[in-house]
Amino acid sequence: MRLPGTRYQEHGWEQVRKLLGQCSLAALARDKHALLLEPDQEASLAAYVDGVSRVLYASGPRGAALGNSYGDTVLELALSLVYELQARPGDWAGLCAAVAAEHARMGPFWHAPGGEALLRKKFNDLYAVLRDKVDSDNYQAACGRPCSPNRMYAYRMLDTAYGEVARLLFGWREHRAQVGAILGRTIEAEPIEARRLRSISDCRAEWILRWSESLERFGGAPGPLHTRSKRFASLKSSPEKIAAMLREIGEYEALSANGERDWLQDANDAGAWLEDYWRVLDESEQGATPGPDRILEAQQDALDLAALEDGDEAQPDMRAPTLDVVLAERVSLSPRYLEMAAAVQEGGSWALRTMADDSLPVRLAVYLKLLGPFDDSYPAEWLDPATGELPTMGQLALLDGVSLPTLRKRRDAAIAKLTAGPMQA
């Protein structure tokens with residue numbers, strides 16, 4: 001599962017959890033378990049962080065494995081949590097209290113059979129809670145919406161529930177009765193829902209509720225939404241909340257599923273350009289003639305001649321209307337915004353000649369897509385004074401007097417023309 005700002009909610013977490021548990025035990029080996037019982041918890045936490053960090057750095061290939069789809073390794077994720085623990089002494093105090101309680105009841109239980117497994121579980125519980133705290137904080141920073149660790153846990157539960165529902169629907173022949181309970185009807189042939197379920201966004205809230213309800217009948221234990229625990233009590237009675245959370249997970253996964261392919265392509269293109277650049281320089285040095293340099297006569301190439309032949313037709317219309325007061329208030333821009341933005345365009349540029357038939361809002365939408373909301377090349381007249389960036393797509397659509405989908409289509413068509421221009425040349 002991926003959500004904005006999160007790093008610990010994907011399948012790689014299992015490897016992070018196991019590495020942290022193993023390295024924690026290794027750091028406390030050789031009779032260092034007393035750290036967990038020291039009254040000076042600040043000093044014991046610092047000693048633990050130092051010891052476990054050393055062991056983590058020596059984890060080798062296991063730590064070098066990928067821990068999520070953003071490129072973070074298992075080692076990087078584990079170290080980040082360890083350092084986060086040092087900034088949250090309350091979590092360390094909770095661990096020490098739990099260990100002290102076991103020690104008071106059993107003595108040095110880590111030396112007893114199964115004692116190391118019990119201590120490892122306490123560290124696993126510590127970091128399982130800490131990861132949701134970290135991810136919920138980062139989610140709030142990324143989205144500006146409140147998110148508690150319990151809500152992050154609920155997101156993960158719904159993602160797991162969707163995986164189970166999808167598994168049952170795809171194997172409907174083997175689970176015909178349970179699939180019928182989930183869909184609310186008798187299943188006699190392949191359900192159309194099995195073919196339409198392509199992502200978590202296609203999953204319905206009532207399927208999740210019925211799946212949870214069916215677990216006690218088909219699995220022997222109540223589902224997460226039907227236990228006595230109050231953790232998900234608000235979700236059980238609010239299918240609209242479940243639907244919104246499922247939709248949010250699906251939308252962000254679709255948004256982040258490209259794996260930064262565009263950036264990787266840019267890196268490959270830049271590398272190829274540099275190789276060509278050095279090759280041309282090398283060939284120039286090898287083919288240089290002896291004697292003083294001579295300035296050759298400047299000659300116009302075909303593109304320059306074509307631009308001169310086009311004359312005034314190649315220059316786009318630089319005039320722009322003045323916004324009426326109502327529209328200017330809606331977009332929070334000056335009534336003369338389009339007029340001033342059009343006046344500073346470079347009329348002789350190749351890009352502007354290519355987009356001569358497009359309106360100014362469409363051209364700005366192209367720059368917004370290709371260069372981002374802010375670039376040093378943007379004139380100040382193009383920028384929204386409130387943000388210091390280009391207007392948003394919503395503002396540009398209002399300026400152009402079209403819907404947002406229409407503006408996107410026109411923008412993409414203009415980008416296609418820009419892309420095809422150099423290839424045709």
Side-chain angles (χ1 to χ4, degrees), residues 1-13 16-17 67-70 72 76-78 80-95 124-163 165 199-209 211-212 223-257 332 373 384 386-389 392-395 404:
M1 179 189 75
R2 290 191 297 270
L3 284 173
T6 63
R7 286 294 183 270
Y8 294 97
Q9 302 300 320
E10 299 184 56
H11 294 300
W13 164 250
V16 177
R17 179 184 65 81
N68 58 31
S69 59
Y70 300 103
D72 298 319
E76 291 169 340
L77 293 172
S80 295
L81 270 190
V82 170
Y83 298 145
E84 187 69 30
L85 176 63
Q86 193 165 21
R88 299 173 184 260
D91 293 273
W92 175 254
L95 171 70
N124 288 343
D125 294 342
L126 165 72
Y127 286 113
V129 173
L130 185 58
R131 68 146 170 174
D132 284 341
K133 289 182 179 180
V134 171
D135 274 347
S136 61
D137 287 348
N138 290 336
Y139 174 90
Q140 292 182 84
C143 300
R145 295 192 294 269
C147 181
S148 65
N150 191 56
R151 184 175 179 85
M152 187 60 61
Y153 186 88
Y155 275 118
R156 191 166 63 251
M157 181 276 293
L158 292 177
D159 182 69
T160 302
Y162 156 71
V165 170
S199 73
I200 194 171
S201 299
D202 303 321
C203 187
R204 299 179 184 175
E206 56 266 28
W207 297 350
I208 300 294
L209 289 168
W211 164 80
S212 177
L225 294 170
H226 291 79
T227 62
R228 294 182 180 180
S229 171
K230 296 182 180 180
R231 169 169 274 183
F232 303 123
S234 61
L235 289 180
K236 182 179 179 181
S237 58
S238 303
E240 66 279 359
K241 288 185 180 179
I242 295 177
M245 293 172 75
L246 292 172
R247 186 165 56 251
E248 183 180 0
I249 296 172
E251 287 175 353
Y252 188 73
E253 287 195 346
L255 182 66
S256 60
S332 302
D384 184 342
T387 62
E389 300 176 347
T392 64
M393 287 293 289
Q395 290 174 295
L404 191 55

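These figures come from a predicted structure and were not determined experimentally.
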Kindly check if the number of other-residue, nucleotide or ligand heavy atoms within 6.0 Å of OH (Y153) is above 12?
no
Within the structure provided, determine whether V82 and L85 are in side-chain contact (heavy-atom separation under 4.5 Å).
no
Any heavy-atom pair between the side chains of I200 and L158 that's under 4.5 Å?
no
Tell me whether the NZ or CZ atom of R17 lies within the 45° cone about the ring axis of Y127 and under 6.0 Å from its centre.
no
Could you check if a side-chain atom of L95 sits within less than 4.5 angstrom of a side-chain atom of D125, using non-hydrogen atoms only?
no
Stepwise, does the side chain to side chain contact (heavy atoms under 4.5 Å, CB included) test hold for Q86 with W92?
CA-CA 8 Å; Q86 193 165 21; W92 175 254; over 6 Å; no
Step by step, would you call L77 with L81 a side chain to side chain contact (heavy atoms under 4.5 Å, CB included)?
CA-CA 6 Å; L77 293 172; L81 270 190; over 6 Å; no
Does one side chain, of Q9 or D132, offer a donor that lies under 3.5 Å from an acceptor on the other?
yes
On a heavy-atom basis, which atom in M245 and which in L235 lie closest, and how many Å separate them?
SD-CD2, 3.8 Å
Atom of W13, atom of A128 and distance for their closest heavy-atom approach:
CZ2-CA, 4.0 Å
If I compare all heavy atoms of G394 with all of L404, which pair ends up nearest, and what's the gap?
N-CD1, 4.1 Å
Apply side-chain hydrogen bond (donor to acceptor under 3.5 Å, both in side chains) to the pair S69 and E10, showing each step before the final yes or no.
CA-CA 8 Å; S69 59; E10 299 184 56; 3.0 Å; yes
For Q395 and T392, work out which heavy atoms get closest and say how close.
OE1-N, 2.8 Å
Ignoring hydrogens and geometry, is there a side-chain-to-backbone donor-acceptor pair from S229 to R231 under 3.5 Å?
yes
Set out, in order, the CA-CA distance, both residues' side-chain angles and the distance that settles side chain to side chain contact (heavy atoms under 4.5 Å, CB included) for E248 and E253, then state yes or no.
CA-CA 9 Å; E248 183 180 0; E253 287 195 346; over 6 Å; no
Is M152 close to T6 at the side-chain level, that is, under 4.5 Å between some pair of heavy atoms?
yes
Work out which heavy atom in W207 is nearest to a heavy atom in D202; give both atom names and the distance.
CZ3-O, 3.8 Å
Determine whether S201 and R247 satisfy the following criterion, side-chain hydrogen bond (donor to acceptor under 3.5 Å, both in side chains), listing intermediate values before the conclusion.
CA-CA 5 Å; S201 299; R247 186 165 56 251; over 6 Å; no
State the SG-CH2 distance between C203 and W211, to the nearest 0.5 angstrom.
10.0 Å
Taking the side chain as everything from C-beta on, heavy atoms only, tell me whether Y70 gets closer than 4.5 Å to R2.
yes
S234 vs K241, test: side chain to side chain contact (heavy atoms under 4.5 Å, CB included). Steps then yes/no.
CA-CA 9 Å; S234 61; K241 288 185 180 179; 4.3 Å; yes
Heavy atoms, side chains only, cut-off 4.5 Å: are D91 and K133 in contact?
yes
Ionic contact status for E76 with R7, cut-off 4.0 Å
no
So which heavy atom on A161 is nearest to which on I208, and how close?
CB-CD1, 3.8 Å
Does any part of the side chain of L225, heavy atoms only, come nearer than 4.5 Å to the side chain of M157, both counted from C-beta?
yes
What's the separation between atom CG in N150 and atom CZ in F232, rounded to the nearest 0.5 Å?
6.5 Å
Distance only, no hydrogens: is a donor on one side chain within 3.5 Å (strictly under) of an acceptor on the other, for Y139 and R151?
no
Contact between S80 and Y8 at the side-chain level, heavy atoms closer than 4.5 Å - yes or no?
yes
